[in-house]
Each structure stands twice: as C-alpha cells, then as structure tokens.
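The basis for the numbers below is simple: all heavy atoms, side chains too, and nothing from hydrogens, waters or symmetry mates.
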Amino acid sequence: MSWYTIITGFVCGFFLLSGFLSLVLTVRNIERLLNCAFFGFSLLITGALIFEALGLFSVTLEDMLLYDRLVTAFIVLSGVPFIILIAELTEYRPRAVMWSLSSLLGVLMVLNWVLSNGLTWSEIRGIKPLQLAWGEQVLWFDADTGVFHLVAIAVMIAVFIFALRAVMHQRRHGDAALARQHILMISLGLLGVFSELVLLEITGVITGFIDVIGFVAFVFIIGHRNFYKLLRSVDLIRESDERFALLTDVAFEGIGLSRKGTILDVNQQLADMLGYTRQEMIGQPALEFVAPQSREQVEEYQHAEKELPYEHLAIRKDGSIFPVEVRVRSISHKQQPIRVTIIRDISEHKETEEQNILLAQTLKSVQDCISITDSEDRIIFVNDAFQTVYGYREEDIIGKPVSILRPDGLSSEQTQGIFPSTREGGWHGEIVNRRKDGSVFSVELWTSVVRDRNGNPMAYVGVARDISDRRLAESSLIAEKERAERSEKLKDAFIANISHEVRTPLNIILGYTGLIQELLNEKADAEEIGYFDSVRRGAHRLQRTVDMILSISRLQVGDFTISPAKIDLSTMLHEIVEDYHPTAEEQGLDISFIDEAPGSTVVADEYCTTQSVQNLLDNAVKYTEHGGVTVTLRRTQDGSILIEVKDTGIGISAEYLPRVFDPYTQEESGYSRSFEGIGLGLSLVKKYTELIGATLQIQSKKALGTTVTMSFPLREDADAEDGTAGPSTGHTAAAEKEAVLPTLLVVEDDMLTVQYMRTLLRKDFQMFSAVSGKEAWEVIEKEHIDLVLMDLSLSGDTSGLELTRQFRSDSRFASLPIVAITAHAMTYDRDRCLEAGCDAFLLKPAVREDLMEIIGNLLDRKS
C-alpha cells in the first residue's frame with residue numbers, strides 16, 4: 001500500500017469524523033443549516049478522494065474514465081453545499097448569485113455524463129496551456145473535452161470569487177478577525193480542490209500532495225470549529241441546568257415537588273416563606289404545611305388532580321396563618337408521576353384587594369360624579385352619583401367612549417386641551433355635558449392621571465359636579481351686581497351733580513358776600529356785620545355737609561388716594577387748635593393744647609390726619625355746652641404717639657357707643673334732636689385713621705364727656721425726608737402789577753360765575769370769557785392770553801377736559817398755564833384734570849386768596 005493511499009485514507013477518515021461532528025450539532029439544533037451543508041460537503045469530498053484513490057489501481061482505460069467521472073461528479077456536487085457553507089459562515093446570502101452558481105454546477109454535472117469521456121482533468125500530463133485551450137491534445141480524448149474543461153475551470157473560479165466576496169462582506173459588516181479565519185479556510189480548501197486544475201505542468205505526485213494539504217487544512221479548521229461547538233453545547237447544557245437550579249431558587253414564588261403527597265424537594269423561596277430549611281421540609285407530608293381549616297379543600301384538589309389555580313391558608317413554622325395562591329402541574333419523571341406546586345404569598349394582594357373594595361365602595365358613595373377611563377378613552381368605572389346625574393345604568397355606559405357625554409355641536413377647541421393636560425397631571429375647568437335623555441347641562445370637571453409603578457399612565461379619573469343650579473345663581477348674582485353697579489353709578493352721578501350744583505352757587509354767594517362786606521365794612525354797624533358772618537357760616541356749613549357726603553362716598557367705593565409724608569404733629573395741632581379758638585370763645589368754652597411730646601413727627605397722609613383732628617374738634621365743640629375741650633399730644637412707653645381729644649360735653653350712652661362709627665346715624669334723631677349734623681363726622685374719622693394706619697379708641701359716659709384717642713404706631717421711617725414741596729412764596733398778581741395787566745380767559749358756561757370772576761379779578765387782570773369750546777378757540781386765536789381758568793362742564797359738545805387736550809396738542813398753546821376751577825369734587829376729577837394737561841386744580845367755591853396765589857405762581861413760572 002503506497003503512502004499516497006495511506007494519506008488519502010487518513011484524510012477521508014478525518015473528513016468523515018468532522019462531518020459526523022457536524023451531524024451531531026445538527027441534531028442538537030446548533031447552526032443546523034451550516035452543519036448540514038458541511039456534513040454533505042465532507043461526504044462528497046470523501047467520495048471524491050476514495051474514487052481518485054481507486055483510479056490509481058485502474059488497469060483499463062474504461063475503469064480509469066469511470067473513476068475519473070465519479071471524482072469529477074463528487075467535486076462538482078460538493079460545490080453546492082460549499083456555496084451554502086460559505087453563505088452561512090459569512091452571512092452573505094445573495095439568492096440570485098447562489099441559484100446561478102448552483103445551476104451552472106448542475107450543467108457541469110450533465111456535461112460530465114453526456115460527453116463521451118466526461119470532464120477528465122485529473123490525468124493531464126505535460127500538455128501546454130495553448131494545446132489545452134484548443135483541445136488539441138488531452139491524452140487521447142477528443143478535442144471538445146478541452147473546451148468544456150475550461151468551462152468547468154471558469155465555474156469553479158466563479159465559486160471562488162463568490163467565496164471571496166462573501167468574506168469581504170463579512171469583513172465590512174461583521175467580525176474582521178473571523179473573516180480572516182474564513183479567508184484562510186477557504187483558501188486552503190480551494191487550494192486542494194483547484195490544484196489539479198491550475199497546476200497543469202507539475203507532476204501528479206506534487207498535485208496530489210497539494211490536494212492533501214488543502215483538504216486536511218480545510219477539514220481541520222472546520223472540524224475544530226464544530227468540535228468546539230460540540231464541547232460548548234455540553235457546557236451550555238450544564239450551564240443551563242445550573243441556571244435552571246438558580247432560577248428555581250431565586251424565583252419569587254415557592255416551588256415544591258411531591259409524589260403521593262410527600263415532598264421530594266422545595267426551592268429556597270418556599271422554605272423561607274414557611275420558615276423552615278429545605279432539609280426540614282423534604283420527606284414531610286405536604287398537608288403538614290396547610291392550615292387545618294384548609295386541609296380538606298387541599299385534599300380534594302389532590303385526589304381530583306385538579307390543575308386549576310386555587311387559594312387556601314398555609315401555616316408557618318411559628319404557627320402564623322397566611323393566604324397563598326397555588327398552581328399545580330402533573331409531570332412524569334422516570335416514568336413516575338410528580339406534582340409540581342407553585343405557591344405565592346398573597347397576603348399583600350389580599351390587603352390591596354380589600355383596600356380596592358373599600359376604595360370602590362367609597363367612590364360609589366361620593367356625591368360627585370366619578371368616572372374612570374382607560375388609555376383608549378373608554379369608560380371602565382362610574383359611581384352611583386354619575387348614574388343618577390347622567391341617567392345611565394352601569395351596564396349601559398361601561399366600555400363606551402367618553403365622547404358619548406359630549407353634546408352635538410360642541411367644538412373641538414372646547415375639549416382638545418383636556419386630554420393633554422390630564423396626561424401632564426390634571427385639568428380643571430367648566431364644560432357642557434349631555435345626559436342619556438339628550439338634555440345638556442354644565443359641569444365643573446376635575447381630571448387626573450393614574451400611573452403604574454414605572455410612571456406610565458394606566459387610567460384617567462374624571463370628577464364632575466353638576467353646576468346648573470350654581471349657574472342660575474351666578475346669573476342672578478351677576479344681574480344683581482349689574483343692577484347694583486348701575487345704582488352705584490347713579491348714586492355717584494347724583495353726588496357729583498349735587499356737588500356741582502351746590503358748590504357753583506356757593507361760590508357766587510360766598511364770593512359776592514365777601515365783596516359786599518369789604519364795600520360796607522366801614523359803614524355797617526356790628527349787627528349788620530353779623531349778618532355777613534351768619535351768611536358765611538351758613539354757606540360754610542352747607543359746604544362742609546357736601547364735603548362730608550362726598551368724602552364718605554369716595555372712601556366707601558375706594559376712590560381715595562393717600563400721599564404719606566412727614567408731619568410735625570406739634571405744629572399741626574397748635575395751628576388747628578388756634579383756628580377753633582374763636583368758635584370756642586363764642587360758645588363760652590375753654591380750648592387748649594397740651595404738648596407733652598414736642599417735635600413729634602409721623603409719616604402719614606396730611607389731609608387724612610388733619611381732617612380726623614378737625615372732625616374730632618368739631619364734635620367736641622358742638623356737643624359741649626359747659627367746660628372745655630383739651631387736645632393732648634403725648635408719647636407712650638413703647639414709642640407710639642397719641643393725640644387725645646377730651647371734652648366735658650354731653651357724652652354718649654353705652655347703648656349707642658357700639659354704633660357710634662356707623663355713617664348717617666346720631667344718638668338723637670327726628671324733630672326732637674338737639675344738635676344739627678348728618679352723622680358722618682366719626683365715620684369719616686374712622687375711615688381716615690384706617691387709611692393712614694392709625695387706631696382709634698373712644699371712651700364716653702353720658703353727661704360726663706368723651707375722650708377720643710388717635711394712636712400712631714412707632715415707625716422706622718418716621719424721620720424720613722419729607723417728599724413734599726416747601727412752602728409757597730406766592731403773592732398776588734396785584735402786588736406785582738405792571739403797567740400792562742396780564743390777560744385771563746375764563747371758560748365757564750354759568751354766567752353768574754363769569755360775572756363773579758370778572759368782579760373778583762378785573763382790577764388785576766384783563767378779562768375775557770367763553771361759554772363753550774368754540775368760543776374759547778375764537779378768543780385764544782385773536783387775543784394774547786396769559787392764563788386760562790377752565791371749568792370742566794361746558795355748553796356744547798366739547799368738555800373742559802377735551803378743550804384742554806386740544807390746547808396742549810397745539811404747539812402755540814402747549815405751555816399756556818391752565819387752571820381747572822370746578823365744582824366736581826371727586827378724586828378722579830382732579831386726576832383727570834392733571835392728566836389732560838391742567839397745571840393746577842381748584843375746587844369751587846374758590847377762596848380769593850387761594851386763587852390769586854395759584855395765578856401768581858403760574859404767571860411767575862411762565863415769565
């Protein structure tokens with residue numbers, strides 16, 4: 001036996017061993033298609049090697065040709081599994097190319113058996129390539145054999161190119177290291193297959209040696225790979241068993257194996273659940289771990305061999321009883337029946353279930369309409385109130401989309417924001433819903449989202465409240481509010497008109513009374529002078545009454561602005577008390593000011609503070625017939641400053657004292673009352689003190705007098721700089737009268753007021769007048785006007801405010817001084833005048849000294 005035969009036998013055995021290893025892997029379902037292909041490839045190559053070896057012992061040409069054809073057939077057929085093998089190794093699977101190559105290999109098979117001598121390339125010796133190409137000399141065979149031999153070579157080269165493309169694909173898209181290993185395998189394998197096709201001028205011994213090297217290397221690499229896979233599969237089985245045991249021990253449920261009621265094995269979870277060790281449980285009856293009250297139930301399930309899940313009570317080693325859920329499965333092991341029992345502790349589940357039942361019952365009893373929808377916006381729960389209000393029964397509404405509650409014609413804009421807001425956390429608002437009977441009603445809706453443990457939405461809750469009755473009530477309230485507002489506007493308009501209609505004639509009465517008194521002062525006797533004083537006091541009383549009514553109205557509606565500033569209380573109180581000396585002397589009363597805290601200052605609104613003290617003194621003087629009135633300024637131990645007004649007057653009864661600050665009330669009323677007034681003095685004081693942050697206290701006893709105390713708390717900014725302007729250095733226009741008198745335009749539609757202003761100012765100014773905006777424009781464009789006195793209410797379509805704005809918009813009159821002089825006394829009237837462009841605001845009745853001072857200051861500033 002030659003060495004070549006021995007090596008061929010060794011290679012065939014190696015091939016067959018590797019092939020059978022692949023067959024084992026195929027049976028174990030490990031890379032089935034790849035290993036099937038290699039198994040077929042190994043058998044075909046082994047067959048080719050065997051027939052090639054048999055060809056060496058051929059004694060006739062016919063035997064040699066037969067064996068040669070068989071070798072060629074096996075090699076050609078091995079190309080098909082080779083293509084599949086390469087495709088699976090590299091994951092390169094171009095189906096069209098694979099089918100084309102397989103078809104060409106099939107054509108070669110046909111040619112191998114159709115040609116008279118087949119594709120006989122294994123016996124070529126010393127023939128030049130040119131002779132081979134033309135088929136001139138292939139042993140002693142016909143010339144056609146050479147041509148088909150070249151076709152076979154081309155097909156085999158195409159298979160080689162396919163293999164290289166597959167490896168390059170793997171290198172680009174897969175594991176580069178594995179691709180290099182595959183290149184080595186394919187190169188060595190193809191080297192063995194193609195050696196006899198390309199090495200035409202080398203001896204058959206060398207060619208056969210290359211065959212052996214190529215085949216052995218290729219089979220060794222593939223065989224080694226598959227042998228590793230086989231060993232790895234054993235490791236995987238062992239690892240799988242270990243993982244299964246580990247999985248059993250770390251499972252959340254307890255697992256037990258039993259046969260005929262006796263425990264064979266348990267996992268650690270079940271042992272821990274019952275408080276035993278695994279060794280303590282193995283071999284014990286399963287019923288030993290069932291609570292006595294459940295053993296009969298468990299025995300019934302065991303005898304019936306039921307596999308449905310059920311619940312019973314288990315007992316721990318310490319005797320405690322708890323609920324469990326049990327699932328049983330019967331299996332066969334070594335031809336013996338075994339029951340696999342999976343046990344889960346459901347104590348928390350039971351508690352949660354009870355809580356859910358309690359929650360569901362609670363939700364059902366809530367008076368608001370509660371609905372729960374799923375992620376597809378379908379209703380999955382409604383409570384009893386929902387069914388009552390909407391008219392649906394539970395079975396009618398469950399599973400329906402929530403859109404069933406939306407009335408027809410409801411636009412998408414009204415509902416499109418509800419669901420996104422609900423997903424973000426919740427939505428609240430009002431919306432229209434529809435009952436089952438089709439009636440529409442308004443609801444106030446709250447929505448929220450219910451999330452699972454991972455934070456994902458699992459349900460949506462809606463709480464709706466029928467607000468139809470509330471809507472009706474709100475409509476009624478709105479109507480009442482509108483009526484009240486209209487009434488308030490009428491009241492404000494009435495008060496404003498009263499102010500205007502009272503102040504305008506008062507302005508004339510006081511003005512002319514003053515002028516007449518000046519004219520007759522030297523001729524009139526004391527009694528006649530008293531007449532003028534009586535007229536002046538009556539007019540002032542009327543003016544004060546109107547002022548108090550306007551003030552309380554402004555305070556009640558919040559139309560009152562304060563301007564805090566630093567006030568020297570000592571100076572202010574001294575001046576106020578001095579002003580009341582004449583009145584007190586007329587009534588035979590003593591009035592005094594005691595300053596126990598000289599230099600005391602507070603930060604407050606000066607008007608409110610002054611009016612408060614004046615009103616208190618008005619009441620003290622008015623209601624005191626004998627004795628006197630004392631004003632005291634003092635400081636307490638905590639730093640607060642007190643103004644105390646004490647009188648010896650008639651006092652206030654204990655019954656009336658709680659109502660002393662109510663507006664328009666007096667202790668005595670009707671025809672028999674002893675004192676005049678409208679009952680607003682103390683009400684105004686109360687409002688003023690609240691605005692400036694002071695407190696008011698009153699103590700009084702009937703027939704013994706009254707003490708009223710204003711308290712200013714200590715403030716850190718009491719020494720702040722006063723933001724008000726310094727005292728005016730005003731002067732009368734007449735005092736600095738020049739040869740040419742300044743020109744004044746009086747815009748006023750009340751002719752008596754115009755005549756009074758002419759009488760009052762004609763000695764110091766050149767006077768022009770206009771009753772409307774149109775006349776005012778005519779005058780101001782013809783004459784040089786130095787200052788305008790502007791009334792707010794004018795005849796025609798243009799008001800004084802509008803006329804002022806027109807003057808300010810004209811560059812010729814943008815800096816012209818304008819003084820608003822009006823009987824409209826509301827706070828917003830002053831603000832509107834200044835906003836329109838007036839330089840000053842003066843309220844009727846205008847005192848001559850105040851008017852002259854304002855005019856003088858404005859003319860000086862203009863010059």
Side-chain angles (χ1 to χ4, degrees), residues 349 352-490:
H349 173 73
T352 304
E353 190 176 65
E354 292 176 0
Q355 292 176 357
N356 289 339
I357 293 173
L358 177 61
L359 178 60
Q361 294 300 324
T362 302
L363 291 178
K364 281 183 173 294
S365 62
V366 171
Q367 297 301 312
D368 288 329
C369 304
I370 298 178
S371 61
I372 301 177
T373 57
D374 59 15
S375 58
E376 296 181 0
D377 221 16
R378 292 176 303 197
I379 298 173
I380 58 176
F381 172 84
V382 291
N383 67 342
D384 295 340
F386 183 98
Q387 299 176 54
T388 301
V389 172
Y390 283 85
Y392 286 98
R393 292 181 301 175
E394 191 173 20
E395 55 270 23
D396 296 334
I397 195 69
I398 297 298
K400 295 295 194 305
V402 76
S403 59
I404 196 174
L405 306 177
R406 305 284 185 253
D408 297 334
L410 187 67
S411 63
S412 59
E413 290 91 7
Q414 296 176 268
T415 59
Q416 63 183 1
I418 298 179
F419 188 70
S421 299
T422 302
R423 287 182 62 90
E424 292 298 324
W427 183 86
H428 174 234
E430 295 182 5
I431 194 172
V432 177
N433 275 180
R434 179 178 61 184
R435 297 184 179 91
K436 183 179 181 180
D437 60 9
S439 59
V440 175
F441 65 108
S442 298
V443 297
E444 185 176 8
L445 179 63
W446 293 265
T447 66
S448 59
V449 59
V450 180
R451 301 184 184 275
D452 58 20
R453 294 181 178 179
N454 298 324
N456 300 317
M458 57 185 295
Y460 304 93
V461 180
V463 180
R465 181 176 299 166
D466 187 352
I467 57 173
S468 303
D469 295 339
R470 192 177 78 186
R471 278 295 192 187
L472 292 174
E474 287 177 355
S475 300
S476 300
L477 287 175
I478 291 172
E480 290 296 331
K481 180 176 177 292
E482 291 175 350
R483 283 194 291 270
E485 288 175 349
R486 288 195 298 270
S487 176
E488 189 68 25
K489 290 179 180 179
L490 290 174

- request: Assess whether side chain to side chain contact (heavy atoms under 4.5 Å, CB included) is satisfied between Phe441 and Ile467, documenting all intermediate values.
  value: CA-CA 8 Å; Phe441 65 108; Ile467 57 173; over 6 Å; no
statement: Closest non-hydrogen atoms of Cys369 and Ala385, given as atom of the first, atom of the second and distance, are SG-O, 3.7 Å
field: From CA spacing to verdict: side chain to side chain contact (heavy atoms under 4.5 Å, CB included), Ile431, Ile418
entry: CA-CA 10 Å; Ile431 194 172; Ile418 298 179; 3.6 Å; yes
message: I'd like to check the ring-ring contact (aromatic ring centres under 6.0 Å, His included) partners of Phe386; sequence neighbours left out, ordered by chain and number.
response: Tyr390
task: Output all residues satisfying side chain to side chain contact (heavy atoms under 4.5 Å, CB included) with Pro407, sequence neighbours left out; order by chain, then residue number.
output: Leu410, Val432, Arg434, Val440
- request: Return the set of residues passing side chain to side chain contact (heavy atoms under 4.5 Å, CB included) with Glu394 (not counting sequence neighbours), or none when no residue passes.
  value: Lys364, Val382, Gln387, Ile398
query: Listed by chain and number, what are the salt bridge (Lys or Arg N to Asp or Glu O under 4.0 Å) partners of Glu395, not counting sequence neighbours?
result: Arg393
Heavy-atom side-chain contact between Phe381 and Val461 under 4.5 Å: no
Test salt bridge (Lys or Arg N to Asp or Glu O under 4.0 Å) applied to Lys436 - qualifying residues, sequence neighbours left out: Asp396
- request: Sequence neighbours left out, what passes salt bridge (Lys or Arg N to Asp or Glu O under 4.0 Å) with Asp437? Give chain and number order.
  value: none
task: State, with a plain yes or no, whether a side-chain heavy atom of Ile372 is found less than 4.5 Å away from one of Ile379.
output: no
- request: Go through the structure and list residues passing side chain to side chain contact (heavy atoms under 4.5 Å, CB included) with Glu376, not counting sequence neighbours.
  value: Asp374, Arg378
message: Once side-chain hydrogen bond (donor to acceptor under 3.5 Å, both in side chains) is applied, do any residues pair with Thr447, and if so which ones, sequence neighbours excluded?
response: Thr422
- prompt: Under the side chain to side chain contact (heavy atoms under 4.5 Å, CB included) criterion, do His428 and Glu444 qualify, and how do the steps go?
  reply: CA-CA 8 Å; His428 174 234; Glu444 185 176 8; 2.8 Å; yes
Under 3.5 Å: donor-acceptor pair, side chain of Asn454, backbone of Asn456: no
query: Can you pull the ring pair (Phe, Tyr, Trp, His ring centres under 6.0 Å) pairs that have at least one residue in residues 457-483, sequence neighbours excluded?
result: Phe419-Tyr460
task: Could I get the full list of side-chain hydrogen bond (donor to acceptor under 3.5 Å, both in side chains) partners for Asp466, not counting sequence neighbours?
output: Arg435, Ser468
message: With a 3.5 Å distance limit and no angle check, can you tell me whether Asn383 reaches the backbone of Val366 through a side-chain donor-acceptor pair?
response: yes
query: Of all residues at least two apart in sequence or in a different chain, which pass the salt bridge (Lys or Arg N to Asp or Glu O under 4.0 Å) check with Arg406?
result: none
